[in-house]
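Each remark here refers to the structure printed beneath this line.
Every number for a ligand or one of its atoms is a count from 1 in the order of the listing. Nothing here was measured: the structure is a model prediction, and the numbers come from that model. Along the sequence shown, residues carry numbers from 1.
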Amino acid sequence: MKVFKFGGSSVKDATAMKAVSKIIIDNDDCRIVVISATKNTTNELELIAKESIHSIPKSQELWDKTISRHREIANDLQIDCEFQDLDSEVLELIGKFNKCQMISSEYMDQLYSIGERLSTRILSEYLTSHHSKTVLYKDVREVLITNDNWSKASPLITEIQDAFDLKWKEILKNSLIVTQGFVGVTTEGRTTTLGREGSDFTATILGESLGANEVIIWTDVTGVATSDPRVVENTKFIKKLNYVEASVLAKLGAKVLFERTLEPAIRKGFSVIVKSTLTPSELGSVISDSPPHNGPMAVTTQGDILSIVGDKLLSEKAHCSKRLLEMNQIDYHVHEQEDHFICFKIPSSQMDKALDVVHCWVLEFHQNE
Ligand code: ADP
Ligand code: ASP
Ligand code: MG
């Protein structure tokens with residue numbers, strides 16, 4: 001049994017939604033599909049909230065653009081999708097923000113949830129008419145119970161398992177569920193979110209409840225690479241990663257995975273696979289309890305911190321990386337250092353160069369893979 005998660009760029013328009021649907025239809029053992037908001041929608045919702053403080057009409061104008069874009073996707077897919085209820089909900093929230101002259105974090109989470117509720121409605125409707133299986137749109141707030149730490153909520157695992165067993169377990173025997181990433185709910189029924197990019201985490205939380213043997217994070221790159229392939233040249237995709245290495249990489253800034261994604265996988269021992277929606281036949285990166293890399297595996301940056309991630313990085317490897325920076329006249333200082341990572345603070349003017357030289361060094365350790 002598998003859970004699939006598709007990110008914003010994988011569902012950005014009708015063509016992308018069709019490609020995603022084909023992947024789902026071709027994979028019989030996919031039981032739950034978790035979807036992000038369409039590309040840029042969550043950012044648009046943030047702007048709508050900000051604008052609502054100054055001007056209700058301007059904020060509504062922005063919202064009109066967002067909802068029209070979703071209506072266009074539904075039209076292009078030739079499906080009937082009603083968004084009237086979501087439209088009213090957003091207009092009410094805009095009014096509330098304006099009246100209070102403040103964006104409360106609780107209501108912001110409710111506004112955030114609209115993005116995923118729009119995208120899942122469209123995809124589930126399209127799948128319903130194209131899949132031979134019964135496809136059900138489900139509001140994730142039926143099961144994904146969290147604390148009330150608005151905009152960075154933590155899942156309550158026991159409550160989630162109980163709700164899942166009660167509400168979804170039986171249904172899943174005969175149907176495929178399409179549901180929202182990122183969104184949760186408190187025990188009192190108030191909407192929460194797990195943090196920006198949190199849909200990856202939703203997928204593994206639901207994978208844990210389902211007893212899945214695999215969760216696939218479908219995205220716009222072939223897998224986890226030695227560095228961000230959109231920033232660094234000649235990156236190499238890593239076929240196998242150990243849970244710890246992948247978690248550390250995510251926590252130190254690699255956007256490809258939300259930082260808490262692997263917690264449920266580590267608890268239950270299922271694999272998480274990162275694959276591309278654009279090239280579904282490629283194997284992607286498998287994250288499991290496989291042996292760690294003996295040395296540096298990847299390099300990532302976050303602000304002025306450059307981090308080398310891998311295993312057995314203390315001693316000799318740390319020494320080599322420092323020498324490398326010195327030889328290239330980069331002013332560094334060691335910010336933090338452990339067996340799985342070395343974090344250097346680097347002046348912003350030297351970051352590009354540092355990333356380049358450190359990445360070339362990391363690549364040497366992948367030569368024989
Ligand atoms: P999604 O919308 O599918 O969640 P994200 O944009 O959140 O996608 O994550 C995928 C992006 O992560 C890639 O397009 C890539 O630019 C970035 N990225 C950063 N570090 C890495 C890495 N080490 N390996 C692969 N991708 C990375
Ligand atoms: N839509 C949310 C965001 O853009 C969550 C996600 O995409 O995972 O942050
Ligand atoms: Mg993401």
Side-chain angles (χ1 to χ4, degrees), residues 4-12 16 19-20 23 34-47 66 108-109 111-120 140 144 151-153 179-184 192-205 215-239 241 245-261 272-279 282 284-285 287 293 296-302 306-310 341 355 358-359 362-363 366:
F4 283 7
K5 176 261 168 174
F6 295 92
S9 50
S10 300
V11 291
K12 64 177 182 210
V20 160
I23 291 173
V34 173
I35 307 283
S36 290
T38 60
K39 192 175 177 177
N40 224 15
T41 299
T42 312
N43 295 336
E44 289 171 12
L45 291 167
E46 277 179 357
L47 279 181
T66 302
M108 187 61 221
D109 273 0
L111 184 61
Y112 271 142
S113 77
I114 300 287
E116 271 69 11
R117 288 157 70 199
L118 284 164
S119 62
T120 41
V140 81
L144 213 136
S151 82
K152 204 81 193 166
T179 197
Q180 301 82 27
F182 178 50
V183 178
T192 58
T193 58
L194 302 175
R196 291 298 308 269
E197 300 294 334
S199 300
D200 302 336
F201 193 23
T202 308
T204 52
I205 295 167
V215 170
I216 305 188
I217 307 288
W218 294 89
T219 184
D220 58 359
V221 285
T222 318
V224 180
T226 47
S227 198
D228 187 338
R230 296 194 195 284
V231 177
V232 179
E233 277 179 14
N234 301 323
T235 55
K236 189 177 170 201
F237 286 99
I238 308 166
K239 289 188 193 119
L241 293 91
E245 293 169 328
S247 300
V248 172
L249 189 64
K251 286 192 180 107
L252 292 175
K255 196 184 172 234
V256 65
L257 282 177
F258 179 76
E259 55 186 343
R260 298 187 63 183
T261 307
V272 174
I273 301 178
V274 180
K275 277 174 79 99
S276 169
T277 321
L278 306 168
T279 52
E282 296 212 30
S285 301
I287 304 165
H293 289 78
M297 177 194 74
V299 53
T300 182
T301 61
Q302 206 168 30
L306 177 146
S307 310
I308 301 170
V309 177
F341 59 87
L355 186 55
V358 172
H359 180 253
V362 168
L363 269 189
H366 289 270

**Asked** For the Mg ion (ligand 3), how many protein N, O or S atoms lie at less than 2.8 Å?
**Response** 1
**Item:** With Lys152 via side-chain contact (heavy atoms from CB on, under 4.5 Å) - residues at least two apart
**Value:** Asn149, Phe258, Glu259
**Request:** Report the residues that fulfil side-chain contact (heavy atoms from CB on, under 4.5 Å) with Gln302, sequence neighbours left out, ordered by chain and then residue number.
**Result:** none
Any N/O pair [X]/ligand 1 closer than 3.5 Å:
| X | result |
| --- | --- |
| Asp220 | yes |
| Ser10 | no |
| Ala254 | no |
| Thr226 | no |

Any idea which protein heavy atom is nearest [atom], and the distance to it?
| atom | answer |
| --- | --- |
| atom 23 (N) of ligand 1 | Ala225 O, 3.1 Å |
| atom 25 (C) of ligand 1 | Gly223 O, 3.3 Å |
| atom 27 (C) of ligand 1 | Val256 CB, 3.6 Å |
| atom 2 (O) of ligand 1 | Gly8 N, 3.2 Å |
| atom 15 (C) of ligand 1 | Asp228 OD1, 3.3 Å |
| atom 6 (O) of ligand 1 | Lys255 NZ, 2.8 Å |
| atom 7 (O) of ligand 1 | Glu197 OE1, 2.8 Å |

**Prompt:** Given side chains that start at C-beta, do those of Ile238 and Thr226 come closer than 4.5 Å, heavy atoms only?
**Reply:** yes
**Asked** If you measure from each non-hydrogen atom of Ser227 to ligand 1, which part falls under 4.0 Å: side chain, backbone, both or neither?
**Response**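 The part of Ser227 near ligand 1 is the backbone, not the side chain.
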**Message:** Applying a heavy-atom cut-off of 4.0 Å, say which part of Lys5 lies close to ligand 1: side chain, backbone, both or neither.
**Reply:** side chain
**Message:** Given Thr277, Thr219, Val299, identify the one with the heavy atom nearest to atom 10 (C) of ligand 1.
**Reply:**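 Nearest heavy atom to atom 10 (C) of ligand 1 lies in Thr219.
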**Request:** Look at the rings of Trp218 and Phe6 and say which category their plane angle falls in: under 30° parallel, 30 to 60° tilted, over 60° perpendicular.
**Result:**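 Answer is parallel, since the angle falls under 30°.
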**Atom-level proximity to ligand 2, residues with heavy atom under 4.0 Å** =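 Protein residues near ligand 2 are Ser36, Ala37, Thr42, Glu116, Phe182, Arg196, Glu197, Gly198, Ser199.
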